Number of protein chains: 2
Amino acid sequence: MSTTTTGPLTISAAAERVGLSADTLRYYERIGLLDPVPRTAAGQRLYGEPEMARLEMVMRLRGTGMPLHAMVEYTRLVREGDTAVAPRRAMLADQRARLLERMEELAATLRYLDRKIETYDTRLAALETG
Amino acid sequence: MSTTTTGPLTISAAAERVGLSADTLRYYERIGLLDPVPRTAAGQRLYGEPEMARLEMVMRLRGTGMPLHAMVEYTRLVREGDTAVAPRRAMLADQRARLLERMEELAATLRYLDRKIETYDTRLAALETG
DNA sequence: GCTTGCGTTGGAGTCCACTCCAGGGTGCAC
DNA sequence: GTGCACCCTGGAGTGGACTCCAACGCAAGC
């Protein structure tokens, strides 16, 4: 029993699965963010497990605000294989550090928003009674 | 004793304080994200307490990924005064909800990155001993 | 009184990340 | 065999958020 027993997906199915458009998937491949995707005899793309896993990673890193060109660089390092494992680890560690900073910043903003909303509540209450 | 005893700032000083460029500050004013900033007799902008407070808010909301046009709308509501307190509160509450979602997503990504980095460490160890 | 360093404007240019064609192919359903 | 729904390509277009520029103004220092 494998985790997901679905076979390879067409581009539109893959796109829907990850929440992107088919155009964006082709675009990602074009700029080298994704390795060339396997094709049918007729030349249509088929997204299998490895492609979907790479896509998940791209979506995750994208969510952290990592620019596409940095992810393209990462993809290039993946193609280099074992010789580039250390720099890849370094890139991820860097991004992890940035992510932590960002999370702290967002936590601060959450507190800021809560204070702000509270003052609005006070104002609204004053307007009602006034 | 006030919190910050610095007088009004020139555009470049204000820009440096918030980590933006002077051009960006002018741009924000142009698109209506900031109300017209007070000027000297010679027409140069002076950023006082209220302007800097607005800027802090803008930076915070920007950090949550709120698009500028939404913040412009918020600014418009601020200009409307008390009649628009409720919708403003609603906008902030909305953004707060989105922020929470986003924070959870980032927490998940942090876990993802940690797993990924760990597998790289394992691989690196294997490469060394191999 | 002129250089230097700040500021002003309106408008054009840039970068990023898509997004949308036009023109064409493939394969299944009827 | 003809719709129809999908897919393909290269290239152009879009929207957001800046960023840069030319041409100019003002004020302080030498």
Side-chain angles (χ1 to χ4, degrees), chain A residues 6-48 51-52 54-55 57-76 95 98 102, chain B residues 6-48 51-52 54-55 57-76 95 98 102:
Chain A
T6 39
L9 303 169
T10 64
I11 193 166
S12 58
E16 189 176 355
R17 179 81 61 101
V18 296
L20 292 173
S21 71
D23 269 318
T24 301
L25 255 42
R26 288 192 207 98
Y27 167 68
Y28 280 178
E29 195 176 334
R30 214 180 333 183
I31 64 173
L33 181 50
L34 267 38
D35 283 332
V37 173
R39 308 285 189 122
T40 66
Q44 301 194 183
R45 290 172 181 79
L46 284 182
Y47 293 78
E51 286 74 31
M52 295 310 284
R54 286 300 306 279
L55 262 176
M57 172 153 194
V58 164
M59 292 303 283
R60 288 242 167 260
L61 290 179
R62 192 182 80 131
T64 69
M66 194 177 193
L68 295 194
H69 66 78
M71 290 193 260
V72 169
E73 170 66 6
Y74 180 87
T75 301
R76 201 184 60 70
Q95 199 56 28
R98 268 190 285 276
R102 184 131 184 64
Chain B
T6 39
L9 303 169
T10 64
I11 193 166
S12 58
E16 189 175 358
R17 177 82 61 100
V18 295
L20 291 173
S21 70
D23 269 318
T24 301
L25 255 41
R26 289 191 206 97
Y27 167 68
Y28 281 179
E29 194 176 333
R30 213 178 336 182
I31 65 174
L33 181 50
L34 266 40
D35 283 333
V37 173
R39 310 285 190 120
T40 66
Q44 302 194 185
R45 290 170 180 80
L46 284 181
Y47 293 78
E51 286 74 31
M52 295 311 284
R54 286 300 306 277
L55 262 177
M57 172 153 197
V58 163
M59 293 304 282
R60 288 241 166 262
L61 290 179
R62 191 182 83 133
T64 69
M66 194 177 193
L68 295 194
H69 66 78
M71 291 193 261
V72 169
E73 169 66 6
Y74 181 88
T75 300
R76 203 184 58 71
Q95 199 57 27
R98 269 190 283 276
R102 184 133 184 63

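Letters A, B, ... are given to chains in the order of the sequence lines, protein chains preceding strands, and every chain is numbered from 1. Only a predicted model underlies this, so the values are computations on that prediction, with no experimental measurement involved.
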Is B:Gln95 reaching over with its side chain to a backbone N or O of B:Leu61, donor-acceptor style, under 3.5 angstrom?
no
Exactly one of B:Leu25, B:Leu46, B:Asp23 clears side chain to side chain contact (heavy atoms under 4.5 Å, CB included) with B:Ile11, and that residue is B:Leu25
Is any side-chain N of the basic residue among B:Glu51 and B:Arg54 closer than 4.0 Å to the acidic one's carboxylate O?
no
Between CG of B:Leu25 and C1' of D:dT19 the distance, given in whole Å, is 14 Å
When rounded to whole Å, the CZ to C1' distance for the pair B:Arg26 and C:dG10 reads 12 Å
Applying salt bridge (Lys or Arg N to Asp or Glu O under 4.0 Å) to B:Arg98 and not counting sequence neighbours gives none
A:Arg60 side chain reached by A:Met57 side chain, heavy atoms, under 4.5 Å
no
Worksheet item: Does the side chain of A:Tyr28 reach to within under 4.5 Å of the side chain of A:Leu68, using non-hydrogen atoms?
Response: yes
Rounded to whole Å, CD1 of B:Ile11 lies from C1' of C:dG5 at a distance of 15 Å
Closest of C:dT19, D:dC7, C:dG7 to the B:Thr10 side chain is C:dG7
Atom CG of B:Asp23 and atom P of C:dT14 are separated, to the nearest Å, by 15 Å
A:Leu33 CG to C:dC16 C1', in whole Å, measures 13 Å
Where do N or O atoms of nucleotides 12-18 of chain D meet protein N or O atoms at under 3.5 Å, pair by pair?
| residue | atom | partner | partner atom | Å |
| --- | --- | --- | --- | --- |
| D:dA17 | OP1 | B:Leu68 | N | 3.2 |
| D:dA17 | OP2 | B:Leu68 | N | 3.4 |
| D:dC18 | OP1 | B:Arg62 | NH1 | 2.9 |
| D:dC18 | OP2 | B:Tyr28 | OH | 2.6 |

Electrostatic pair B:Glu29-B:Arg26, nearest N-O below 4.0 angstrom
no
- [ ] Could you check if a side-chain atom of A:Thr64 sits within less than 4.5 angstrom of a side-chain atom of A:Arg102, using non-hydrogen atoms only?
- [x] no
Sorted by number, residues from residues 38-47 of chain B placing a heavy atom under 4.0 Å from DNA chain C are B:Arg39, B:Gly43, B:Gln44, B:Arg45
